[in-house]
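Since the structure comes first, as C-alpha cells, the remarks are kept for the end.
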Amino acid sequence: PGVLMAGADPAIIAQIAYRSMPVDEFTEGSGFEAPAEDSETPAIDVLEQLRATLTEQLSAQGITLPDDAFTGPEAVEIAGKPGARLRLLAPATTLENGQPFPGIDMAIILVELPEDQVAAIQYTYQGAPEASVYAEFEAWLAENAERATEPLVIDDAPVEEAPIQDAPADATATPEAEDE
C-alpha cells in the first residue's frame with residue numbers, strides 16, 4: 001500500500017493513497033453494503049453508496065454541494081482491469097459559523113481484482129484551486145496503474161511468532177530510549 005503526499009505549500013493538502021484488499025474488508029470497513037452477487041457493476045454500486053455518504057457528511061458540516069459537484073460514478077479501465085471512478089469537486093466557501101472551507105477535489109477509483117479483491121485508489125486535494133494538480137494525478141496514475149492495482153498476496157500459511165524473551169532484571173526504560 002502507498003501514500004504519496006505533496007508538501008511544498010502548507011496551504012495545500014494533496015495526496016494519493018492506494019491499497020488492495022478483499023472486497024468484504026473494504027465494504028465492511030467503510031460501512032458499505034456489499035454489491036449484489038449478480039451485479040454487473042459492483043464497483044459502481046459501492047461508489048454510489050460513497051457518493052451518498054460524502055453528500056451526507058458534507059451537509060452535516062454545513063457544506064452545500066453544487067448540483068455538478070460529482071462526476072460519476074462511471075466505468076473505467078485501469079491497467080486493463082475493470083473498475084469505476086467517482087470525482088467530487090466542492091468549491092471553497094465560508095460556512096455559516098464563519099469557518100472557511102478550503103474546497104476539495106477528490107477522486108476515488110475502485111478496480112476489480114481477481115480472488116474477490118479490490119484496489120482502492122484515492123486522490124485528495126484541498127487548497128487554493130489549481131487544476132494542474134488533478135492532471136498530475138492522472139499522469140501518476142497512467143505511470144503507476146500496474147503497481148497501484150496489484151492484488152494483495154494472501155498467504156494462508158500460519159505465521160510463526162518469534163519467541164518472547166524476558167528482559168534482564170536490571171533493564172529499565174528511560175524516556176530517551178523510548179524516543180529512539
Side-chain angles (χ1 to χ4, degrees), residues 1-6 12-93 101-152:
V3 175
L4 307 170
M5 299 186 79
I12 295 173
I13 297 170
Q15 75 173 15
I16 301 168
Y18 60 95
R19 180 173 174 224
S20 296
M21 66 201 90
V23 171
D24 59 347
E25 179 182 321
F26 176 78
T27 55
E28 291 170 15
S30 302
F32 300 133
E33 293 197 20
E37 289 199 26
D38 61 348
S39 174
E40 293 183 21
T41 58
I44 288 177
D45 296 350
V46 171
L47 288 181
E48 287 286 353
Q49 293 176 65
L50 177 59
R51 180 180 174 149
T53 299
L54 289 171
T55 301
E56 287 175 23
Q57 289 174 345
L58 292 170
S59 178
Q61 295 177 31
I63 300 165
T64 303
L65 295 174
D67 292 339
D68 62 348
F70 287 100
T71 303
E74 59 193 0
V76 294
E77 187 173 292
I78 306 291
K81 302 168 186 105
R85 174 190 310 245
L86 175 68
R87 186 173 181 196
L88 167 63
L89 283 168
T93 189
F101 172 70
I104 190 165
D105 184 359
M106 177 187 294
I108 298 95
I109 301 169
L110 297 180
V111 180
E112 299 167 32
L113 301 177
E115 298 180 29
D116 205 25
Q117 293 187 40
V118 63
I121 304 166
Q122 180 174 331
Y123 156 81
T124 307
Y125 172 85
Q126 280 187 295
E130 178 53 59
S132 68
V133 179
Y134 190 78
E136 290 175 19
F137 162 66
E138 288 291 338
W140 175 89
L141 184 59
E143 291 173 18
N144 295 281
E146 283 294 330
R147 178 173 56 134
T149 61
E150 288 178 353
L152 177 67

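What you see below is based on every heavy atom in this structure, not just the backbone, and it leaves out hydrogens, waters and symmetry mates. If you read the sequence from its start, that first residue is 1, and numbering goes on from there.
Closest approach of Pro151 to Leu113, counting heavy atoms only: CA-CD1, 3.8 Å. Taking both residues in full, the closest heavy atoms of Met21 and Leu152 are given as CA-CD2, 4.2 Å, listed atom of the first, atom of the second, then distance. Of all non-hydrogen atoms in Gln126 and Phe101, the two that sit nearest each other are NE2-CE1, 4.3 Å. In plain terms, the two heavy atoms of Ala34 and Thr27 that are nearest each other are CA-CG2, 4.2 Å. Between Tyr125 and Ala14, the closest heavy-atom pair is CD1-CB, 3.9 Å.
At distances below 3.5 Å, not a single donor-acceptor pair connects side-chain atoms of Gln117 with backbone N or O atoms of Ser20. Formation of a donor-acceptor pair under 3.5 Å by the Ser59 side chain with backbone atoms of Thr55 is not found in this model. Between the side chain of Arg51 and the backbone N or O of Gly72, at least one donor-acceptor pair lies under 3.5 Å.
Residues passing the ring pair (Phe, Tyr, Trp, His ring centres under 6.0 Å) test with Phe137 are Tyr123, Tyr134, sequence neighbours excluded. Not counting sequence neighbours, the partners of Gln122 by the side chain to side chain contact (heavy atoms under 4.5 Å, CB included) test are Met106, Ile108, Thr124. By the salt bridge (Lys or Arg N to Asp or Glu O under 4.0 Å) test, Glu136 is found to be paired with no residue, residues two or more places apart in sequence or in another chain being considered. The side chain to side chain contact (heavy atoms under 4.5 Å, CB included) search around Thr64 returns none, not counting sequence neighbours. Taking the salt bridge (Lys or Arg N to Asp or Glu O under 4.0 Å) definition, one finds that Asp105 meets it with Arg87, sequence neighbours left out. The side chain to side chain contact (heavy atoms under 4.5 Å, CB included) search around Glu146 returns Ala79, Lys81, not counting sequence neighbours.
With rounding to the nearest 0.5 angstrom, the CD1 atom of Ile44 is 12.0 Å from the CZ atom of Arg85. How far CZ of Phe70 is from CG of Leu47: 10.5 Å, rounded to the nearest 0.5 Å.
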Discussion item. With side chain to side chain contact (heavy atoms under 4.5 Å, CB included) as the criterion, how do Ile121 and Thr149 come out once you've worked through the C-alpha distance, each side chain's angles and the decisive distance to 0.1 Å?
Written reply: CA-CA 8 Å; Ile121 304 166; Thr149 61; 4.1 Å; yes

Worksheet entry | Audit row: Leu86, Leu88, side chain to side chain contact (heavy atoms under 4.5 Å, CB included) steps and yes/no | CA-CA 7 Å; Leu86 175 68; Leu88 167 63; 5.9 Å; no

Worksheet item: Should Tyr18 and Asn144 be marked as a side chain to side chain contact (heavy atoms under 4.5 Å, CB included) after you check the CA-CA gap, both sets of side-chain angles, and the distance that decides it?
Response: CA-CA 11 Å; Tyr18 60 95; Asn144 295 281; over 6 Å; no

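Within the 4.5 Å cutoff, side-chain heavy atoms of Ile109 are placed close to those of Leu141. Inter-residue side-chain proximity for Glu112 and Pro42 is flagged as met; some heavy-atom pair is nearer than 4.5 Å.
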